[in-house]
2 protein chains.
Amino acid sequence: MNRVKDYRKAAKLTQFELAQAVGVARQTINLVENDKYNPSLDLCIRLAQVLHTDLNQLFWEGQVHEK
Amino acid sequence: MNRVKDYRKAAKLTQFELAQAVGVARQTINLVENDKYNPSLDLCIRLAQVLHTDLNQLFWEGQVHEK
DNA sequence: TACAAATGTCAACTATATATGACATTTAAT
DNA sequence: ATTAAATGTCATATATAGTTGACATTTGTA
């Protein structure tokens, strides 16, 4: 489970508004939030930018890597 | 420019070996390293795991976000 | 209860990530 | 100077990300 929905709600955006902000369809946001598929890196980066966070926060949750 | 090539060389892997390790074709690694396209999140995550790093290190370089 | 906004989901379509095979060029070692 | 390994790149094919439109369900609010 990624954390897009959490960050979107924290930003008080609807799926539709987030979709517009990153330039994809509303359904695409819905599918990403529900892990129905595998977004492109480009979309991940735009999501992180619009949600004022970064790739690790959104998509690296629970991974055990430490530097 | 992402840093896949830097991390691959640090791990002393060839493009072919890295491709095998993450389960894609060698050409795919080549294209990713040279920013010829837009990999899937899934591939990005496998690259980060195999290269013992994380998404931000590989693909968030130069982005200005701080938590 | 009723209504509207937000969300989930389906089917059909289009764009593009990724595969495969092949070949040219570069790099490194002999 | 040769040779092999590694890399860059092309063309064609396939899988799947992302679109569009539509409708059902949920959630919040009057």
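Naming convention: chains lettered A, B, ... in sequence-line order (proteins, then strands); numbering from 1 in each chain. Every value quoted in this text rests on a predicted model; they were computed, and no experiment measured them. When reading the values below, keep in mind they use all heavy atoms of this one structure, side chains included, and skip hydrogens, waters and symmetry mates.
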Measure the distance from [atom1] on [X] to [atom2] on [N] and round it to the nearest whole Å.
| X | N | atom1 | atom2 | result |
| --- | --- | --- | --- | --- |
| B/Asn30 | D/dC10 | CG | C1' | 12 Å |
| A/Arg46 | D/dG18 | CZ | C1' | 10 Å |
| A/Arg8 | C/dA6 | CZ | P | 10 Å |
| B/Asp35 | D/dG8 | CG | C1' | 15 Å |
| A/Leu18 | C/dA6 | CG | C1' | 14 Å |
| A/Leu41 | D/dA17 | CG | P | 14 Å |
| B/Lys9 | C/dT27 | NZ | P | 9 Å |
| B/Ile29 | C/dT20 | CD1 | C1' | 15 Å |

Strictly distance-based, threshold 3.5 Å: is any side-chain N or O of [X] a donor or acceptor partner for the main-chain N or O of [Y]?
| X | Y | value |
| --- | --- | --- |
| A/Asn2 | A/Val32 | yes |
| B/Asp54 | B/Asn56 | yes |
| A/Arg8 | A/Leu13 | yes |

Considering just the side-chain nitrogens and oxygens of [X], establish if one lies under 4.0 Å of OP1 or OP2 belonging to [N].
| X | N | result |
| --- | --- | --- |
| B/Thr14 | D/dA5 | no |
| A/Arg26 | C/dA5 | no |
| A/Lys5 | C/dA6 | no |

Point to revise | Beyond-backbone contact of B/Tyr37 with B/Thr28, side-chain heavy atoms, under 4.5 angstrom | key: yes
Practice item. Please figure out whether B/Ser40 or B/Phe16 has its closest DNA chain D nucleotide nearer the 5' end. Key: B/Phe16
Check your understanding: On DNA chain D, nearest-nucleotide positions of A/Lys36 versus B/Asn34: which is more 5'?
Key -> B/Asn34
Practice item. Go through D/dG21, D/dG8, D/dA6 for me and flag the one nearest to the A/Gln27 side chain. Key: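 Ranking D/dG21, D/dG8, D/dA6 by closest atom to the A/Gln27 side chain puts D/dG21 first.
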Check your understanding: Considering only side-chain heavy atoms of A/Gln15, which listed nucleotide, D/dG8, D/dT19, C/dG8, is closest?
Key ->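 For A/Gln15, the side-chain atoms sit closest to C/dG8.
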Exercise for review: Determine the minimum heavy-atom distance between A/Gly23 and A/Arg46, stating which atoms define it.
Suggested key: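 Of all heavy-atom pairs spanning A/Gly23 and A/Arg46, the closest is O-NH1, 4.1 Å.
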Practice item. Would you mind classifying the nucleic acid contact of B/Leu43 as base, sugar-phosphate or nothing, using non-hydrogen atoms under 4.0 angstrom? Key: sugar-phosphate
